[in-house]
*Asks:* 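Dropping the structure in here first, questions after.
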Protein chains: 10
Amino acid sequence: MKKELLEVFDNQFPDRNYTIEIVNPEFTSVCPKTGLPDFGTITIRYIPDKSCVELKSLKYYYLEFRNAGIFYENITNTILDHMIEVLEPRELTVKTEWKARGGITETVTASYSSQQQ
Amino acid sequence: MKKELLEVFDNQFPDRNYTIEIVNPEFTSVCPKTGLPDFGTITIRYIPDKSCVELKSLKYYYLEFRNAGIFYENITNTILDHMIEVLEPRELTVKTEWKARGGITETVTASYSSQQQ
Amino acid sequence: MKKELLEVFDNQFPDRNYTIEIVNPEFTSVCPKTGLPDFGTITIRYIPDKSCVELKSLKYYYLEFRNAGIFYENITNTILDHMIEVLEPRELTVKTEWKARGGITETVTASYSSQQQ
Amino acid sequence: MKKELLEVFDNQFPDRNYTIEIVNPEFTSVCPKTGLPDFGTITIRYIPDKSCVELKSLKYYYLEFRNAGIFYENITNTILDHMIEVLEPRELTVKTEWKARGGITETVTASYSSQQQ
Amino acid sequence: MKKELLEVFDNQFPDRNYTIEIVNPEFTSVCPKTGLPDFGTITIRYIPDKSCVELKSLKYYYLEFRNAGIFYENITNTILDHMIEVLEPRELTVKTEWKARGGITETVTASYSSQQQ
Amino acid sequence: MKKELLEVFDNQFPDRNYTIEIVNPEFTSVCPKTGLPDFGTITIRYIPDKSCVELKSLKYYYLEFRNAGIFYENITNTILDHMIEVLEPRELTVKTEWKARGGITETVTASYSSQQQ
Amino acid sequence: MKKELLEVFDNQFPDRNYTIEIVNPEFTSVCPKTGLPDFGTITIRYIPDKSCVELKSLKYYYLEFRNAGIFYENITNTILDHMIEVLEPRELTVKTEWKARGGITETVTASYSSQQQ
Amino acid sequence: MKKELLEVFDNQFPDRNYTIEIVNPEFTSVCPKTGLPDFGTITIRYIPDKSCVELKSLKYYYLEFRNAGIFYENITNTILDHMIEVLEPRELTVKTEWKARGGITETVTASYSSQQQ
Amino acid sequence: MKKELLEVFDNQFPDRNYTIEIVNPEFTSVCPKTGLPDFGTITIRYIPDKSCVELKSLKYYYLEFRNAGIFYENITNTILDHMIEVLEPRELTVKTEWKARGGITETVTASYSSQQQ
Amino acid sequence: MKKELLEVFDNQFPDRNYTIEIVNPEFTSVCPKTGLPDFGTITIRYIPDKSCVELKSLKYYYLEFRNAGIFYENITNTILDHMIEVLEPRELTVKTEWKARGGITETVTASYSSQQQ
């Protein structure tokens, strides 16, 4: 998961709090236990400070997970950590919603606020 | 209802409050009055503290209810009690939504917060 | 509308506030003006104190309205009154949603809280 | 089930085959076994010959079933018989779709064609 | 209902059978019995021969029904007749779907084919 | 827009705050600019004080707008004003949702509270 | 799978071909490989000859599968065989639609016609 | 509308009739009467003979319509003509579904079969 | 993006806070990177002070973006800025929801309140 | 794409034509042009002769495509060819539905019948 793949561009409206939500319903990784693929939707919602994430680089960043064996909770928190480092946003939430396995679905949601630091 | 079936793994992000929601639309038990099966969807939503519940063990735990005669309210509160004991979560909600009987549907929702203890 | 038809059973988890929602989409009564039937969905949501309403008795209670001429607002408030008397709940809401007449639909919602008494 | 309640008016376009479909999602009758109400949607589709059924009279005709104990299959075929007698249509189909009982739904469909007589 | 309002333009692809479907979900007329408005969706589907109907003129044609008292069956067959006269199409179907009155909806469908004349 | 058409009946449960919502998806008026009809859904939600609005009279009141040329904002605020005068409610909201014109839809929402006077 | 559980009643309209469709979305059995439960919807559609299946007995018949280990294809064809034996229908179709396992869903459909024998 | 923009690649399975459907819900052109933009969904369905259309070139071909003033019927038949010339398919259908103007939507469908030539 | 295209009319109910929401699902602009068109839905929601925006002028204002190369974030904030200048509203929110590119969708939401100035 | 991964089991009802449909909405492969992943739903529908495909082996067979660069049309026809070889079915259809790229979606459908050989 190379966070270096993430590119940013300058937020041109830093004086205003506004929200950017990016939804990727085509995320896939590998279950570390079974070696079988997992499929999910990743949603990022953030209030930018100085930087916004570039969409194409985000796509390539997500591709790094395609053949990686990693649990739902780790994916969610790892993406959150990388985004905080790269974007230094005012607020940021990562939600991952996973397709059913054995009839059971899981959703993981983690948030960050620069105010709480 | 052997809560011993529930397995946990260590929460690797204990410094952060985040939410895990697990939905099982394939739950079935038996009505203690009629002996006929009930069908429902069980949703668990919690903020982990030290432990997270392992999904496969949760599936086997739910299977224990398959041939047990037990009322909606008891199922909901029993699952809540077991989860509190096994996970010691920061927050936890159990919601059970039942298919119609005689044209009437019931939903039961019970919550726990470690703050209120 | 004999509220005596309503049977209760003991709430086995009185130390915990939890919510029970019961939806009946097959309710019918008679319009007192036209003598024509009305159709609606009745939703009851409550936090039990000492008692829970028994579902089958609730169904028979609702059947009492089948051939009774009574207005939407009266049905809603009458069910609320009966439930308060029989259940003495901590919180209770009754919502009645009516099928269109002359292209117009009506929904009536009434609530009770034991805290406000 | 008094078919005399059904009123007709003259088909003003008898030279043309055209179709009239009438859907009533607010039908209710009584189960002869349990005495409990059944709820369903009744659909009539026909090609008129000399007569069309008047909608308001159809509504009153349906009301006759409200407190009658009668099985799904009988309702369907009885309505078909009455409509054939009263309308003498070119083609006629009656479909009755019933709300779930014990988790199981039933749909009954019966048709008539004047060509096949 | 002045069919003169309907304007046509030349079909520029007369060598090919193709289909044009025009849906107007904002049709309203008046019930001749009650004087109250009816609301419906009018769908026209046709294979043009030499002419196609101009959309704006069709809209004005439909407006003529706004305050006219006329039954569902008559509206359907009248529009069919007008379209046949004005368009002389190869095939034409008019379907009118009406909003519920007294909980009951009606749909009327009439067709024309130049082959059958 | 004769508000005199609106009839009321006594609220029989004045000791309790409860909500009545009335939705009319079959509203039509005329655009003052183009003379063409507008179509919309009018929703009224209120907490009655001494009076409730009678549904049939409300329908006739709405019919007054059928051939009147009046803007979206004016309709919304005019209905709000009339309802306040006639009902003297504790709370009242009027929402009007309009079908697309030129691909663009508009919704107008205005509220009143007797507390804020 | 005791087909003896299936009860029938006399078809009272044997002179007419008509269709009965019965849908049970609350079917469950056990996978013979994994021992884990399967969930599915069973649809039966038939034209009765002398007999119709009684709904409550059908429900008890389905319950026999609850703890039986049996494959999708076998369930479908076994129900078809039993129904043919018990009902001797004119036409009969059994469709079983199964909830996803490993992200993959299966539907099996088998039909019988007395004409083809 | 330069059909030269359309690129093809060799059909590698010419011995088999199979179907390719391509849906573009992001088509826009200009109304020649008003100069205002039209929005629609273009669906192409064909059985290839020797050639298949390359998706990216199709996208650029569609872009040529973005600022062109052209009627619905012409767009449909022009795309059909271009596709026939470039692909020489065994069967081909073009369907264009347009967003509402003045509350009215139109769909145009034109087909070609090499058998009928 | 000439904000001069935006026309306003006097708010005739300035004594009351009410909300106007305008949704345009037919917005298109050009991606400055690829030169390919973007498609989105623009929603404006505001509480007017002295002025309301005229819908037809808003449509022409949006058309100015049709062939302009501009990023999602810039479009959102530019529309917000122009609306604030022209309307001087009490509250205003602009939300832009974009169709998927590379399987990824983005939504941008920016708000203004005259209270916070 | 090793078809050897596909395992079969004996069709236990070879005297009857019946249909098996298997839907996998979690298919992914790689675009040979861009190297970026494609996502799609693969549907197989067949009438078995002597053999049925085993679901788990089908899942592993599909996994072989995960990192393979292959076009939509080739995937569809290759799966069809493999299934014909391994199952020797009476009838077989493969449908592949692909998520949008550049706003455009494609569906490919290929069929086989043992009768037509």
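Note on naming: letters A, B, ... go to the chains in the order of the sequence lines (proteins, then strands), and numbering restarts at 1 for each one.
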*Asks:* Minimum heavy-atom separation for Ala110(E) and Arg16(D), please, with both atom names.
*Replies:*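 Between these two residues, the closest heavy atoms are CB-CD, 4.2 Å.
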*Asks:* Go through Phe71(E) and Gln12(D) one step at a time and tell me if the side-chain contact (heavy atoms from CB on, under 4.5 Å) criterion holds.
*Replies:* CA-CA 11 Å; Phe71(E) 287 111; Gln12(D) 300 188 25; 5.7 Å; no
*Asks:* Under 4.5 Å, heavy atom to heavy atom: which of residues 89-109 of chain E reach chain D? Give them by number, or say none.
*Replies:*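 Those residues of residues 89-109 of chain E which have a heavy atom under 4.5 Å from chain D are Gly102(E), Gly103(E), Ile104(E), Thr105(E), Glu106(E), Thr107(E), Val108(E), Thr109(E).
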*Asks:* Do Leu55(D) and Tyr72(E) pass the side-chain contact (heavy atoms from CB on, under 4.5 Å) test, and can you show the C-alpha distance, the side-chain angles, and the key distance before you say yes or no?
*Replies:* CA-CA 11 Å; Leu55(D) 278 185; Tyr72(E) 298 165; 4.2 Å; yes
*Asks:* What closest approach, in Å, do Glu73(E) and Phe13(D) show between heavy atoms, and which atom pair accounts for it?
*Replies:*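 That closest heavy-atom pairing would be O-CE1, 4.0 Å.
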*Asks:* Taking the side chain as everything from C-beta on, heavy atoms only, tell me whether Tyr18(D) gets closer than 4.5 Å to Asn77(E).
*Replies:*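 Yes, side chains in contact.
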*Asks:* With sequence neighbours left out, what residues match Thr34(E) under side chain to side chain contact (heavy atoms under 4.5 Å, CB included)?
*Replies:*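 Scan of Thr34(E) (side chain to side chain contact (heavy atoms under 4.5 Å, CB included), adjacent residues dropped) gives Cys31(E), Leu36(E).
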